[in-house]
Protein chains: 2
Amino acid sequence: MSNQNISKSTLQRLPLYLNYLKSLPDTVINISATAIAEELRLNDVQVRKDLACVSTSGKPKIGYNTEDLIRELVAFLGYDNNNNAVIVGAGKLGRALMGYTGFKEYGLNILLAFDQNPDVVNEQELILPIFRLKEICGRMKIKIGIITVPAASAQEVCDLLVESGVLAIWNFAPVHLKVPDGILVQNENMAASLAVLSNHLSEQIGKNR
Amino acid sequence: MSNQNISKSTLQRLPLYLNYLKSLPDTVINISATAIAEELRLNDVQVRKDLACVSTSGKPKIGYNTEDLIRELVAFLGYDNNNNAVIVGAGKLGRALMGYTGFKEYGLNILLAFDQNPDVVNEQELILPIFRLKEICGRMKIKIGIITVPAASAQEVCDLLVESGVLAIWNFAPVHLKVPDGILVQNENMAASLAVLSNHLSEQIGKNR
DNA sequence: TAGATTGTTAATCGATTAACAATC
DNA sequence: TAGATTGTTAATCGATTAACAATC
């Protein structure tokens with residue numbers, strides 16, 4: 001397939017384009033990369049290059065057919081086919097993500113959570129003991145694991161997920177995970193985001209002194 | 001101050017260093033950039049440059065004093081002084097973030113949430129109606145706003161936060177927010193992360209065909 | 001002293017932006 | 001046709017990595 005060498009930065013912008021396109025009224029039949037770029041405050045060539053990875057239906061002077069482009073983005077991003085996932089770590093964050101229904105829209109289907117602590121295990125709420133992880137993930141052919149355990153146990157959990165056949169890991173712990181080749185780790189580093197926020201504030205406050 | 005031109009990429013790696021340093025046993029008096037780099041699978045020069053933004057106490061042959069470096073990182077990242085914040089959007093994600101106690105460690109103190117929907121407003125749970133946002137943020141001198149509303153209303157909420165004196169916005173909605181100069185928007189784009197995960201999976205699966 | 005390590009200057013790499021030809 | 005827009009090739013920019021001198 002064509003999605004061989006799409007850069008991570010491109011990939012991360014695609015959902016923004018899609019979201020913007022979806023927000024447009026039905027009356028917008030065609031849309032140009034230039035218009036998208038202006039709206040999202042991006043460079044127009046960048047948008048054009050990004051879209052070229054996803055679609056070939058752009059026409060000079062006209063732009064893209066909005067509906068077609070939406071369809072192509074949805075397909076490319078895999079929002080139309082469900083990816084099953086499990087969460088490891090049923091603390092506050094884990095349970096929150098589990099309860100969050102918004103991911104379905106992105107094709108992510110969180111089936112189960114696992115936790116080490118017997119006190120939080122609760123079959124009713126689909127929180128199972130961690131010793132059952134390997135068996136269940138294997139049987140259900142789970143390919144995505146979400147890590148929401150404390151930093152100290154993240155690597156251990158990661159190894160377990162990899163052993164269980166998971167191919168992609170969404171890591172919410174602020175650590176670097178070591179994985180074999182072919183396994184992807186996507187870090188959702190909230191601590192990193194907070195560092196950026198906090199640094200901005202101290203700069204702003206420093207300025208006004 | 002010295003933190004004038006620290007790059008965002010550097011800033012985002014600092015919490016990883018800090019976390020690793022904290023995980024070390026007390027017996028590790030000194031630590032080298034080389035050792036940190038190896039552990040985190042980064043380039044050693046990169047780590048050295050990053051640390052140079054934060055500390056000047058590195059000594060050839062010895063490295064950094066672990067405790068000193070931890071202290072310097074904590075101070076630089078502002079984990080030692082509390083930043084008060086409010087959340088707008090008390091849906092599942094918003095309430096989850098509110099309930100998540102882990103942010104305190106990073107100096108982020110979420111005081112209140114606001115929501116448009118009278119049904120979720122609940123003074124007991126510190127969820128207030130949105131019309132009180134401006135007055136309260138102004139009075140409490142809130143500088144950080146967290147947006148967890150649906151994409152369609154994110155810009156509106158953003159404008160309101162800016163009006164209320166907020167200087168930094170942590171945006172969980174998958175949209176580009178337009179803000180005046182001097183206001184920082186840090187996007188926590190879960191949709192973008194999912195795009196990367198999903199793309200990896202379809203590549204892997206394509207390979208095995 | 002010798003060697004590990006720091007910090008700096010130069011080279012490389014990848015992503016973004018600019019310039020431009022092709023075209024509906 | 002003229003002009004807006006696409007897609008491509010070249011230039012720029014910033015971040016990462018390599019090379020190296022300084023030093024405890």
Side-chain angles (χ1 to χ4, degrees), chain A residues 2-17 20-21 24 28-66 68-69 72-73 76 176 187 189 192 195-196 199, chain B residues 2-17 20-21 24 28-66 68-69 72-73 76 176 187 189 192 195-196 199:
Chain A
S2 59
N3 64 359
Q4 276 186 0
N5 291 21
I6 182 161
S7 88
K8 212 168 165 174
S9 11
T10 292
L11 215 35
Q12 299 196 101
R13 280 189 296 268
L14 297 181
L16 287 179
Y17 303 153
Y20 172 59
L21 294 175
L24 292 171
V28 183
I29 306 297
N30 294 300
I31 184 96
S32 72
T34 321
I36 297 176
E38 197 173 336
E39 176 66 24
L40 303 181
R41 303 288 193 271
L42 296 171
N43 182 283
D44 61 331
V45 181
Q46 187 171 65
V47 175
R48 222 166 278 130
K49 280 196 172 172
D50 288 348
L51 292 181
C53 299
V54 171
S55 173
T56 52
S57 62
K59 290 194 182 51
K61 178 151 181 183
I62 295 166
Y64 293 81
N65 177 281
T66 313
D68 285 353
L69 191 53
E72 286 166 313
L73 279 165
F76 191 92
H176 173 89
N187 294 300
N189 199 337
V196 177
N199 182 259
Chain B
S2 60
N3 64 358
Q4 276 188 359
N5 291 21
I6 182 162
S7 87
K8 212 167 164 175
S9 10
T10 293
L11 216 35
Q12 300 197 100
R13 280 188 296 267
L14 297 180
L16 286 178
Y17 304 153
Y20 172 59
L21 294 174
L24 292 171
V28 183
I29 307 297
N30 295 299
I31 184 96
S32 72
T34 322
I36 297 175
E38 199 172 335
E39 176 65 25
L40 302 181
R41 303 285 193 274
L42 296 171
N43 182 283
D44 61 331
V45 180
Q46 187 171 63
V47 175
R48 222 168 278 128
K49 281 195 172 173
D50 288 347
L51 293 182
C53 300
V54 171
S55 174
T56 52
S57 62
K59 290 194 183 50
K61 178 153 182 183
I62 296 166
Y64 293 81
N65 176 282
T66 313
D68 286 353
L69 190 53
E72 287 167 313
L73 278 166
F76 190 91
H176 172 88
N187 294 302
N189 199 337
V196 177
N199 182 257

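Naming: A, B, ... by sequence-line order, numbering from 1 per chain. The structure presented is a predicted model; accordingly, all values stated were derived computationally and were not measured.
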What N/O pairs connect the protein and nucleotides 10-17 of chain C at under 3.5 Å? Give each pair on its own line.
| unit_1 | atom_1 | unit_2 | atom_2 | d |
| --- | --- | --- | --- | --- |
| C:dT16 | OP1 | A:R13 | NH1 | 3.1 |
| C:dT16 | OP2 | A:R13 | NH2 | 3.3 |
| C:dT16 | OP2 | A:Q46 | NE2 | 3.4 |
| C:dT16 | O5' | A:Q46 | NE2 | 2.8 |
| C:dT17 | O4 | A:K49 | NZ | 3.0 |

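Between the A:T66 side chain and the A:I29 main chain, a donor and an acceptor come within less than 3.5 Å of each other. Checking side-chain atoms of A:N187 against main-chain N and O of A:N189 turns up no donor-acceptor pair under 3.5 Å.
The heavy-atom pair separating A:D44 from A:A33 by the smallest distance is O-CB, 4.3 Å. The minimum heavy-atom distance between A:E39 and B:H176, with the atom names listed, is O-CD2, 4.2 Å.
Considering only side-chain N and O atoms, A:Y64 lies nowhere under 4.0 angstrom from the phosphate OP1 or OP2 of C:dC24. The shortest distance between the side-chain N/O atoms of A:T34 and the OP1/OP2 oxygens of D:dT6 is below 4.0 Å.
Here the NZ-OG distance, from B:K59 to B:S32, works out to 14.0 Å after rounding to the nearest 0.5 Å. From B:L73, atom CG reaches atom CG of B:D68 across 11.0 Å, with rounding to the nearest 0.5 Å.
The separation between B:L51 atom CG and C:dG7 atom P is 8 Å, rounded to whole Å. Taking atom CD1 on B:I31 and atom P on C:dA4, their separation rounds to 17 Å, with Å as the unit. C:dT6 atom P lies 13 Å from atom CG of B:N65, rounded to whole Å. Atoms CD (B:E38) and C1' (C:dA4) sit 14 Å apart, rounded to a whole Å. Whole-Å rounding puts the B:N30 CG to D:dC24 C1' distance at 12 Å. What separates CG of B:D44 from P of C:dA4 is a distance of 14 Å, to the nearest Å.
A residue-by-residue look at A:R48 and B:R48 shows that B:R48 has its nearest nucleotide of DNA chain C further toward the 5' end. A residue-by-residue look at A:K61 and B:T56 shows that B:T56 has its nearest nucleotide of DNA chain C further toward the 5' end.
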Enumerate donor-acceptor pairs with a distance under 3.5 Å from any side-chain N or O in residues 10-17 of chain A to protein atoms, sequence neighbours excluded.
| unit_1 | atom_1 | unit_2 | atom_2 | d |
| --- | --- | --- | --- | --- |
| A:T10 | OG1 | A:S7 | OG | 3.2 |
| A:T10 | OG1 | A:D50 | OD1 | 2.9 |
| A:R13 | NE | A:D50 | OD2 | 2.6 |
| A:R13 | NH2 | A:D50 | OD1 | 3.2 |
| A:R13 | NH2 | A:D50 | OD2 | 3.3 |
| A:Y17 | OH | A:D50 | OD2 | 2.6 |

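No side-chain heavy atom of B:V47 sits less than 4.5 Å from a side-chain heavy atom of B:T34.
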task = Show the numbers, then the answer: is there a side chain to side chain contact (heavy atoms under 4.5 Å, CB included) between A:I31 and A:N65?
result = CA-CA 6 Å; A:I31 184 96; A:N65 177 281; over 6 Å; no

Annotated structure of DNA chain C as dot-bracket, pair cut-off 3.5 Å, Watson-Crick or G-U only, | for inter-strand, is ..||||||||||||||||||||||

